[in-house]
Amino acid sequence: MSRRSSALWASALLLAVLPSVLFRIDALLSEPEYAPGLYGFVTVYACRIDLYVRFWDSALRDLPPFSYGGAPMIVLAFAGWYASLRKGHDRLGRIVARSAATALLLPSLLQFLMYALDARCMDPWSAVGFMDLYVLAPPILVLLAVRPHRRAFARRGRLVRTGEAVLTVTAILLVAVGSVPPGKVSADSELGCAGFGGGTVEGLRKEEKDFLCRVRGYGFFPGEGIEEWNETSDRIVLAQGHHLCGLADRHGGDIGAPAVRDAPHASLLPALASLCPSVASQEAAEEKQRQGEEAAYIAGKERACARHRTHRPRIKPVRQRRATMFT
């Protein structure tokens, strides 16, 4: 084992245990009421996937091999690597050490992948912190410690170089496209859904704001939002709403028409009357017809009752009084 490998293994172990050791020392030296272990924190996540990744990462680091920054895992990897070297199985030792380093790197790499694919993970509440980068140092040092000596450089063929270039450019483009902000999702106060004015969103008509309020479940529609559109940007929701409104216009505002009812974005139909005048007129006409039918039904029953004689009990009442009662 070379001095370089020994130094890298020692550095990896030291960096892994250093945060836990400093925390323990700080807890012992601090006053009880100011001990860091007594503090709690609340983190707001705009990125749901990142929340799940952090949850499983936290559960994984509670396991003994991953405690103290993965120090037990590093010790086990060093023991397996060193024993393999003594037996002359260098390749097996590198496999053992690299597997341990991969197990330590995987949760952090998944978290960074979420940052690349979902721009909401880059907001100040969920962005990468210093400790997210710090935990990468020990496993990277392990990988460097077991790296074999460099061999003579061999120039690769044109086909291999072309394939590597294509894969690299594709990965960069995918990360760039995934990092494009998905668009703004306006809050309740920004749309002025409570009806008191004060909305800060510009460039939208009142009908469009009302439509977004209804879709989001803001203002007068608490709990009545359309959940599958909660995280979709205002621009996309309005575009789909206008397209659905156009379909309804072609069918006289009838949202029960097959072309409208079976549209891919038909889940927006409950809120469409706020955006589409033809749908609102159709629903108002249907409501007026329902009220007329209800009034005709009640009038028919009252006429039927009027055709019968007034009911007179055969038992003579002991006392009879008339009074006005509040109901």
Report yes if some heavy atom in the side chain of L104 is under 4.5 Å from a heavy atom in the side chain of I74; otherwise report no.
yes

Show your reasoning for whether side chain to side chain contact (heavy atoms under 4.5 Å, CB included) applies to C245 and L272.
CA-CA 7 Å; C245 182; L272 194 60; 4.3 Å; yes

Side chain E208, main chain R205, donor-acceptor under 3.5 Å:
yes

In this structure, would L141 and I95 fall into the same cluster of hydrophobic residues linked by side-chain contacts under 4.5 Å?
no

Go through D254 and V260 one step at a time and tell me if the side chain to side chain contact (heavy atoms under 4.5 Å, CB included) criterion holds.
CA-CA 8 Å; D254 182 14; V260 181; over 6 Å; no

Give a yes or no on whether L136 and L144 share a hydrophobic cluster (residues Ile, Leu, Val, Met, Phe, Trp, Tyr; joining criterion: side-chain heavy atoms under 4.5 Å apart).
yes

For the residue pair P64 and P72, what are the closest heavy atoms and their distance?
O-CG, 3.3 Å

With rounding to the nearest 0.5 angstrom, report the CG to CG distance, L212 to L275.
8.5 Å

To the nearest 0.5 Å, what is the distance between CG on L8 and CG on L143?
10.5 Å

Show, in sequence, the C-alpha distance, side-chain angles and deciding distance for F211 and E207, and conclude whether the side chain to side chain contact (heavy atoms under 4.5 Å, CB included) test is met.
CA-CA 6 Å; F211 177 69; E207 296 79 10; over 6 Å; no

Between F78 and Y82, what is the ring plane arrangement, given parallel below 30°, perpendicular above 60°, and tilted in between?
parallel

May I ask you to say whether D210 pairs ionically with R214, meaning some side-chain N is under 4.0 Å from a carboxylate O?
no

ILVMFWY network linking L14 to V75, side-chain heavy atoms under 4.5 angstrom:
no

From E294 atom CD to I298 atom CD1, the distance as rounded to the nearest 0.5 Å
5.0 Å

Give, for atom SG of C276 and atom NE2 of H242, the distance between the pair rounded to the nearest 0.5 Å.
9.5 Å

Pairing of E293 and R290 as salt bridge, 4.0 angstrom limit:
no

Evaluate the side-chain proximity of V142 to W81: yes if any heavy-atom separation is below 4.5 Å, no if none is.
no

Does R261 use its side chain to pair, donor to acceptor, with the backbone of G256 at less than 3.5 Å?
yes

Could you go step by step and tell me if L238 and L204 meet the side chain to side chain contact (heavy atoms under 4.5 Å, CB included) rule?
CA-CA 10 Å; L238 288 174; L204 297 181; 3.5 Å; yes

Assigning hydrophobic clusters by single linkage (Ile, Leu, Val, Met, Phe, Trp, Tyr; side-chain heavy-atom cutoff under 4.5 Å), is L85 placed with V96?
no

Closest non-hydrogen atom pair, H243 against H265:
ND1-NE2, 3.0 Å

Rounded to the nearest 0.5 Å, the CZ atom of R147 sits from the CZ atom of R98 at a distance of 9.5 Å

In short, A266 meets L244 closest at the heavy-atom pair CA-CD2, 4.4 Å

Under 3.5 Å, side chain of S5 to main-chain N/O of A145, donor-acceptor pair present?
yes

L268 to G241 - nearest heavy-atom pair and separation
CD1-N, 4.0 Å

Side chains of L92 and K87, heavy atoms from C-beta outward: is any pair under 4.5 Å?
no

Between R216 (side chain) and W229 (backbone), is there a donor-acceptor pair under 3.5 Å?
yes

Nearest heavy-atom neighbours spanning A77 and A97
CB-CA, 4.2 Å

Spacing of R94 atom CZ and H89 atom NE2 [to the nearest 0.5 Å]:
13.0 Å

